[in-house]
Colleague: 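Got a structure for you, questions after.
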Amino acid sequence: MYEDYFGFKEKPFNIAPDPDYLYLSRKHQNAISSLEFGLVDDAGLILFTGEIGTGKTTLIHHLLRKIGAEFAVAVVFNTNVDSKAVAVKALTRFLIDLRSRNKRPLLIIDEAQSLSLDALEEIRLLSNLQDGSTMLLQIMLVGQPELKDRLKNPSMTSLAQRIAVNYHFKPFER
């Protein structure tokens with residue numbers, strides 16, 4: 001309907017995040033810079049929060065296009081699951097193998113504010129995986145401001161202390 005009437009080449013107003021239509025404001029550029037710093041610095045745990053609809057997921061998709069082939073990325077967009085992490089021994093071997101092939105494992109968990117405290121504790125345990133002094137897995141938690149509130153829970157102190165990069169994305173100003 002819109003395409004024909006307005007002469008659009010594709011359907012407008014798609015609700016799926018599409019980095020092709022990302023407006024890189026100064027705030028967006030600052031967010032990307034902070035996230036890239038965390039990745040380049042091999043910062044273990046990165047926290048990226050922002051209000052609903054600010055474009056966090058679109059920025060993550062943009063970032064995934066930008067980062068090099070040196071990363072082996074797994075993205076979790078649905079956090080409403082109650083399953084335990086895969087066997088830690090097998091995961092550790094897999095991560096060591098990736099690192100030996102000069103791949104940097106990155107786990108991105110979107111909508112992380114939905115994670116239970118038990119699941120966040122599992123993430124803390126995953127952040128412990130090391131080979132000597134090298135962290136085997138970088139983890140990026142992406143979510144709404146409620147995620148920061150969850151991390152203030154006294155039982156989450158150990159996880160909160162591991163956050164090396166903490167960026168809160170603010171909406172556009174008028």
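We number each residue from 1, following the sequence as shown.
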Colleague: Does the side-chain contact (heavy atoms from CB on, under 4.5 Å) test come out yes or no for Ile163 and Lys148, once each step is laid out?
Modeller: CA-CA 11 Å; Ile163 296 170; Lys148 291 178 102 168; over 6 Å; no
Colleague: Could you check whether any side-chain N or O of Gln138 sits under 3.5 Å from a backbone N or O of Gly38, counting only pairs where one atom can act as donor and the other as acceptor?
Modeller: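 Yes: the side chain of Gln138 pairs with the backbone of Gly38.
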Colleague: Find out if a path of hydrophobic residues (ILVMFWY) with successive side-chain heavy-atom gaps under 4.5 Å connects Leu141 to Leu136.
Modeller: yes
Colleague: For Pro19 and Arg65, work out which heavy atoms get closest and say how close.
Modeller: CG-CZ, 3.6 Å
Colleague: Determine whether Met140 and Ile60 make a side-chain contact, defined as any pair of heavy atoms from C-beta on separated by less than 4.5 Å.
Modeller: yes
Colleague: State plainly whether one hydrophobic cluster holds both Leu120 and Leu137, where clusters connect Ile, Leu, Val, Met, Phe, Trp and Tyr through side-chain heavy atoms under 4.5 angstrom apart.
Modeller: yes
Colleague: Does Leu45 reach the side chain of Leu159, with side-chain heavy atoms less than 4.5 Å apart?
Modeller: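 A side-chain contact under 4.5 Å exists here.
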Colleague: Is there a chain of hydrophobic side chains (I, L, V, M, F, W, Y, each step under 4.5 Å between heavy atoms) that links Tyr23 to Tyr21?
Modeller: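 No.
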Colleague: How long is the span from the CG atom in Leu147 to the CZ atom in Phe48, to the nearest 0.5 Å?
Modeller: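 One gets 12.0 Å once the value is rounded to the nearest 0.5 Å.
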Colleague: To the closest 0.5 Å, what do you measure between CD1 (Ile32) and OG (Ser34)?
Modeller: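 Reported to 0.5 Å precision, the distance equals 9.5 Å.
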Colleague: Got Asn30 and Tyr167 here, is their nearest side-chain heavy-atom distance under 4.5 Å?
Modeller: yes
Colleague: Where is the tightest heavy-atom contact between Leu59 and Ala31, given as atom of each residue plus distance?
Modeller: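 That would be CD1-CB, 3.9 Å.
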Colleague: Using the six-membered ring wherever Trp is involved, compare the ring planes of His28 and Phe172 and label them parallel, tilted or perpendicular (cut-offs 30° and 60°).
Modeller: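 Ring orientation, 0 to 90° scale: tilted.
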Colleague: If you count every heavy atom of other residues, nucleotides or ligands that lies below 6.0 Å from Phe71 atom CZ, does the total exceed 12?
Modeller: yes
Colleague: Looking at side-chain heavy atoms only, is the closest gap between Lys152 and Asp149 below 4.5 Å?
Modeller: yes
Colleague: Following the transitive rule for hydrophobic clusters with a side-chain heavy-atom cut-off under 4.5 Å over Ile, Leu, Val, Met, Phe, Trp and Tyr, establish whether Leu64 and Val142 coincide in one cluster.
Modeller: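 Yes, because Leu64 and Val142 connect within a single hydrophobic cluster, where side-chain heavy atoms sit under 4.5 Å apart.
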Colleague: So, for Lys170 and Lys27, which heavy atoms are closest and what is the spacing to 0.1 Å?
Modeller: O-CD, 3.7 Å
Colleague: Side chains of Glu122 and Leu126, heavy atoms from C-beta outward: is any pair under 4.5 Å?
Modeller: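 Heavy-atom side-chain distance check fails, nothing below 4.5 Å.
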Colleague: If we only count heavy atoms from C-beta on, is the Glu121 to Leu125 side-chain gap below 4.5 Å?
Modeller: yes
Colleague: Could you tell me the separation between the CG atom of Leu117 and the CG atom of Leu151, rounded to the nearest 0.5 Å?
Modeller: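 It comes to 9.0 Å.
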Colleague: For the residue pair Asp118 / Ser116, report whether a side-chain donor-acceptor contact shorter than 3.5 Å exists.
Modeller: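 Result is no, nothing qualifies.
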Colleague: Between CD1 of Ile109 and CD1 of Ile46, what distance do you get to the nearest 0.5 Å?
Modeller: 12.0 Å
Colleague: Looking at Ala43, is its backbone amide N or carbonyl O close enough to the side chain of Asp41 to form a donor-acceptor pair, meaning the two atoms are under 3.5 Å apart?
Modeller: no
Colleague: Look at the side chain of Arg150 and the backbone N and O of Leu115, then say whether any donor-acceptor pair between them is shorter than 3.5 Å.
Modeller: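 Yes, Arg150 side chain to Leu115 backbone: donor-acceptor pair under 3.5 Å.
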Colleague: Does any N or O in the side chain of Arg99 come within less than 3.5 Å of the main-chain N or O of Pro105, such that one atom is a donor and the other an acceptor?
Modeller: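 No, the answer is negative, given that no donor and acceptor are paired below the 3.5 Å cut-off.
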Colleague: Would you say Leu129 and Ile139 are hydrophobically clustered, going by side-chain heavy atoms of ILVMFWY under 4.5 Å?
Modeller: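 In one cluster with Leu129: Ile139, yes.
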Colleague: Nearest 0.5 Å, what's the OG-CG distance between Ser100 and Leu95?
Modeller: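 The distance works out to 11.0 Å.
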Colleague: Any chance CZ of Arg101 has more than 12 other-residue heavy atoms, nucleotides or ligands included, within less than 6.0 Å?
Modeller: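 Counting neighbours around CZ of Arg101, more than 12 heavy atoms of other residues, nucleotides or ligands fall under 6.0 Å, so yes.
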Colleague: Going from CD on Glu173 to OG on Ser25, what distance comes out if it is rounded to the nearest 0.5 angstrom?
Modeller: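 Between atom CD of Glu173 and atom OG of Ser25 there are 9.5 Å.
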Colleague: So do the side chains of Asn128 and Arg162 get within less than 4.5 Å of each other, counting heavy atoms only?
Modeller: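 Result yes, sub-4.5 Å side-chain heavy-atom pair found.
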Colleague: side-chain contact (heavy atoms from CB on, under 4.5 Å), that's the test. Do Ile67 and Leu106 meet it? Break it down for me.
Modeller: CA-CA 11 Å; Ile67 62 177; Leu106 170 62; 4.1 Å; yes
Colleague: Do you know the tightest heavy-atom contact between Ala69 and Lys103?
Modeller: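 Looks like O-NZ, 2.6 Å.
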Colleague: Given side chains that start at C-beta, do those of Glu70 and Asn102 come closer than 4.5 Å, heavy atoms only?
Modeller: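 Sidechains of Asn102 and Glu70: no contact.
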Colleague: Tell me, please, which residues at least two apart from Thr54 pass side chain to side chain contact (heavy atoms under 4.5 Å, CB included).
Modeller: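 With sequence neighbours excluded, Thr54 shows a side chain to side chain contact (heavy atoms under 4.5 Å, CB included) to Glu51, Lys56, Phe169, Pro171, given in chain and number order.
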Colleague: Given 3.5 Å as the limit, does a donor-acceptor pair link the side chain of Gln113 with the main chain of Gln144, or not?
Modeller: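 Present.
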